[in-house]
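See structure below.
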Amino acid sequence: MTALLRPARPGDLAALCQLEQCCFATDHFNRRQLAHLLKRAHAVTWVAENEAKCLVGYATLLLRRNSRAARLYSFCVHPDMQGLGIGRRLLDTLEGEARERDCEWLILEVRADNRRARALYRRMGFGLRRWLDDYYADGCAAWQMEKALIASDTAQVASG
């Protein structure tokens with residue numbers, strides 16, 4: 001199955017709400033929050049859709065003025081579609097968005113009990129940054145992870 005990636009549109013709101021409900025038992029965004037993310041000037045959301053034009057995944061990147069760090073704010077792939085490379089493609093796309101905006105770091109939080117997501121992030125070059133106790137509404141802890149978007153030799157030259 002090949003998924004098409006494209007920037008999210010306001011018309012995707014209902015499908016994004018369904019994805020949130022399907023993918024997250026707690027801490028999912030409601031319709032108002034998702035609408036706000038789609039319209040914010042400092043957020044970029046990409047979706048993955050199947051051949052039938054149904055959304056099977058999405059990812060949102062938050063950007064802050066005067067910050068060199070971008071934050072992977074929300075990320076999900078429908079459970080039936082996991083393991084097909086959709087998550088990797090969405091992450092690659094958002095990393096490209098961050099690089100285009102001259103961000104030096106990509107940061108995210110992931111549930112401590114979500115081994116599959118943590119493994120994907122590690123494969124994509126993220127490292128553990130810090131442990132966050134009681135981060136989610138159900139009391140689950142999280143790992144904050146980060147990825148440098150500039151080569152270490154470039155960073156040394158720039159700082160030296």
Side-chain angles (χ1 to χ4, degrees), residues 1-64 69-129 135-138 140 142-151:
M1 188 238 127
T2 302
L4 170 73
L5 298 188
R6 63 169 174 80
R9 302 183 287 249
D12 295 325
L13 182 58
L16 290 171
C17 290
Q18 288 178 335
L19 265 175
E20 281 280 320
Q21 293 293 322
C22 180
C23 294
F24 302 116
T26 61
D27 291 294
H28 46 75
F29 291 123
N30 63 36
R31 185 177 186 84
R32 183 181 54 79
Q33 291 166 318
L34 286 167
H36 181 69
L37 283 176
L38 287 176
K39 295 175 185 174
R40 308 176 53 117
H42 298 291
V44 177
T45 300
W46 279 74
V47 298
E49 61 183 19
N50 64 15
E51 293 89 354
K53 304 290 185 202
C54 295
L55 294 193
V56 296
Y58 89 95
T60 298
L61 185 70
L62 289 184
L63 304 155
R64 291 183 13 187
R71 182 176 175 206
L72 180 62
Y73 191 59
S74 188
F75 180 80
C76 69
V77 174
H78 190 283
D80 295 342
M81 306 306 291
Q82 292 178 3
L84 300 175
I86 295 169
R88 175 179 282 276
R89 290 180 55 215
L90 282 167
L91 279 173
D92 280 339
T93 300
L94 289 188
E95 183 177 322
E97 290 277 359
R99 287 179 188 276
E100 285 178 18
R101 290 163 173 79
D102 295 325
C103 291
E104 296 176 2
W105 295 94
L106 191 53
I107 299 168
L108 61 87
E109 292 83 28
V110 59
R111 287 181 65 94
D113 62 359
N114 191 340
R115 289 182 178 176
R116 186 176 208 156
R118 287 193 342 260
L120 171 64
Y121 298 140
R122 280 193 308 272
R123 284 192 308 273
M124 297 292 291
F126 286 83
L128 299 177
R129 184 176 186 187
Y135 187 78
Y136 291 98
D138 64 357
C140 187
W143 277 106
Q144 186 174 69
M145 300 180 78
E146 67 184 1
K147 179 178 181 176
L149 300 180
I150 56 172

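Note that the structure is predicted; figures quoted are calculated from it, not measured.
Using a 4.5 Å heavy-atom cutoff, the side chains of Val47 and Leu16 are in contact. The shortest distance between side-chain heavy atoms of Leu106 and Met124 does not fall below 4.5 Å. In this structure the side chain of Leu149 never reaches within 4.5 angstrom of the side chain of Glu104, judged on heavy atoms. With a 4.5 Å cut-off on side-chain heavy atoms, Tyr121 and Phe75 count as touching. Side-chain contact between Asp138 and Arg111 is present, with heavy atoms from C-beta onward closer than 4.5 Å.
Here the NE2-CZ distance, from His36 to Arg31, works out to 16.0 Å after rounding to the nearest 0.5 Å. In this structure, Arg129 CZ and Ile107 CD1 are separated by 4.0 Å, a value rounded to the nearest 0.5 Å. Here the CG-CG distance, from Leu55 to Asp12, works out to 5.0 Å after rounding to the nearest 0.5 Å. In this structure, Arg99 CZ and Ile150 CD1 are separated by 9.5 Å, a value rounded to the nearest 0.5 Å. Once rounded to the nearest 0.5 Å, the distance linking SG of Cys23 with CE of Met81 reads 11.5 Å. Atom SG of Cys17 sits about 11.5 Å away from atom CZ of Arg32, to the nearest 0.5 Å.
Residue Arg64 qualifies as open at atom CZ: its count of foreign heavy atoms under 6.0 Å is 12 or below.
In plain terms, the two heavy atoms of Leu63 and Ala70 that are nearest each other are CD2-CB, 3.8 Å. A pairwise comparison of heavy atoms in Ala48 and Ile86 identifies CB-CG2, 3.6 Å as the closest pair. A pairwise comparison of heavy atoms in Ala43 and Leu62 identifies CB-CD2, 3.8 Å as the closest pair. In plain terms, the two heavy atoms of Leu38 and Pro10 that are nearest each other are CD1-CA, 4.2 Å.
Judged as a side-chain hydrogen bond (donor to acceptor under 3.5 Å, both in side chains), not a single pair has a partner in residues 83-92 (not counting sequence neighbours).
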Checking side chain to side chain contact (heavy atoms under 4.5 Å, CB included) for the pair Asp80/Val56: CA distance, chi angles, key distance, verdict? CA-CA 9 Å; Asp80 295 342; Val56 296; over 6 Å; no
Show your working on side chain to side chain contact (heavy atoms under 4.5 Å, CB included) between Tyr135 and Cys140 and close with a plain yes or no. CA-CA 6 Å; Tyr135 187 78; Cys140 187; over 6 Å; no
Could you walk me through whether Leu19 and His78 pass the side chain to side chain contact (heavy atoms under 4.5 Å, CB included) test, one step at a time? CA-CA 7 Å; Leu19 265 175; His78 190 283; 4.0 Å; yes
Tell me, with the steps shown, if Trp143 and Phe126 meet side chain to side chain contact (heavy atoms under 4.5 Å, CB included). CA-CA 11 Å; Trp143 277 106; Phe126 286 83; over 6 Å; no
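Between Phe24 and Tyr136, a ring centre-to-centre spacing not shorter than 6.0 Å is recorded.
Just one residue in the list Leu108, Leu72, Thr60 forms a side-chain contact (heavy atoms from CB on, under 4.5 Å) with Leu94, and that residue is Leu72.
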